[in-house]
Amino acid sequence: MVNASEIRTAVGIVGNVISIGLLLSPIPTFVRIIKAKSVQHFKPDPYLATILNCALWVFYGMPFVHPDSLLVITINGAGLVIETIYNLIFFIYSSSLQRKKIVLTLLVEFIFFAGVVLITLKVFHDIKPRTIFVGALCVAFNIIMYASPLTVMVPNGLGALSGVVQLILYAVYYKTTNWDESDTKEVELPAEA
């Protein structure tokens with residue numbers, strides 16, 4: 001008979017294999033960047049978001065936060081290394097403005113991560129509240145990581161939203177608009193002295 005621990009480990013290993021595939025999926029993008037010696041139209045946002053996400057999950061898997069999480073540590077440790085390589089390639093082939101953005105983002109992420117570690121270790125003295133606090137942050141940043149590729153679509157989305165608002169306003173106020181030109185009064189401007 002298979003026990004719950006063995007099932008958990010088997011599912012975790014399958015999850016780690018799938019996750020490695022997901023982490024390696026941007027390789028064609030980076031091969032293209034290296035060949036072109038330019039990041040072209042690609043943005044670093046997903047790779048920057050994944051670095052913080054992996055760092056938080058590695059911290060979550062530590063025995064003093066959430067014991068018995070070796071698989072969480074291994075896959076996210078590997079992810080941290082892979083994403084660091086991606087960001088390094090992106091940094092090398094970026095313009096100076098993009099490089100500043102990458103460095104600034106990584107600095108903010110480091111400060112945030114250090115703050116999370118400090119709060120976790122100083123405020124929460126038991127494993128359960130540490131698990132809940134860091135786990136909630138991990139889930140939130142997991143969502144951010146998977147949503148980060150959508151940053152490319154945000155300007156287009158805002159434009160579409162603006163267009164929808166305009167159409168709604170037009171539909172709402174269409175009947176109240178006086179379309180009969182004969183009823184319009186001309187505006188006279190005062191004569192200059």
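No continuous path of ILVMFWY side-chain contacts below 4.5 Å connects Leu22 to Leu71, so the two sit in separate hydrophobic clusters. The cluster map of Ile, Leu, Val, Met, Phe, Trp and Tyr, joined by side-chain heavy atoms under 4.5 Å apart, puts Phe110 and Leu121 in different clusters. Each of Ile102 and Ile111 belongs to its own hydrophobic cluster when Ile, Leu, Val, Met, Phe, Trp and Tyr are linked at side-chain heavy-atom distances under 4.5 angstrom. Tracing side-chain contacts under 4.5 Å through hydrophobic residues (I, L, V, M, F, W, Y), one reaches Tyr47 starting from Val103; they form part of the same cluster. Residues Ile132 and Val65 are members of separate hydrophobic clusters, defined by side-chain heavy-atom contacts under 4.5 angstrom among Ile, Leu, Val, Met, Phe, Trp and Tyr.
Distance check: Asn76 CG to Asn53 CG gives 6.5 Å after rounding to the nearest 0.5 Å. In this structure, the separation between CH2 on Trp57 and SG on Cys138 is 4.5 Å, given to the nearest 0.5 Å. To the nearest 0.5 Å, atoms CD1 (Ile92) and OG (Ser38) are separated by 13.5 Å. Note that CD1 of Ile75 is 11.5 Å distant from CG of Leu70, once rounded to the nearest 0.5 Å. With values rounded to the nearest 0.5 angstrom, Phe59 atom CZ is found 15.5 Å from Cys54 atom SG. Taken to the nearest 0.5 Å, the NZ atom of Lys100 stands 14.5 Å off from the CG atom of Leu107.
Put simply, the side chain of Thr131 reaches to within 4.5 Å of the side chain of Tyr60, judged on heavy atoms.
For Phe112 and Phe141, the ring centers are positioned less than 6.0 Å apart.
Nearest heavy-atom pair, Val39 versus Gln98, reported as atom, atom and distance to 0.1 Å: CG2-OE1, 3.3 Å. Residue Ile7 comes nearest to Val2 through the heavy atom pair CG1-CG1, 3.5 Å, listed as atom of the first residue, atom of the second, then distance. Shortest non-hydrogen contact noted between Pro67 and Pro63 is CG-O, 3.5 Å. Closest of all the heavy-atom pairs between Leu23 and Ile82 is O-CG2, 3.8 Å.
Without hydrogens or angle criteria, Asn3 side chain to Glu6 main chain gives a donor-acceptor distance under 3.5 Å.
Under the 4.0 Å criterion applied to side-chain N and carboxylate O atoms, Lys43 and Asp45 are assigned as salt-bridge partners. Using a 4.0 Å cut-off between charged side-chain N and carboxylate O, Arg8 and Asp68 make no salt bridge.
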Listing, residues 27-35 side-chain donor-acceptor contacts under 3.5 Å, not counting sequence neighbours, or none:
unit_1, atom_1, unit_2, atom_2, d
Arg32, NE, Gln40, OE1, 3.4

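Relative to the six-membered ring of Phe124, Arg130 misses at least one condition, a distance below 6.0 Å or an angle of at most 45° to the axis.
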Show the numbers, then the answer: is there a side chain to side chain contact (heavy atoms under 4.5 Å, CB included) between Glu109 and Leu48? CA-CA 9 Å; Glu109 287 182 356; Leu48 292 167; 4.0 Å; yes
Pair Phe133, Val116 - check side chain to side chain contact (heavy atoms under 4.5 Å, CB included), show working. CA-CA 9 Å; Phe133 175 69; Val116 168; 4.2 Å; yes
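Only one option out of Thr120, Leu118, Ile119 pairs with Lys122 in a side-chain contact (heavy atoms from CB on, under 4.5 Å); it is Leu118.
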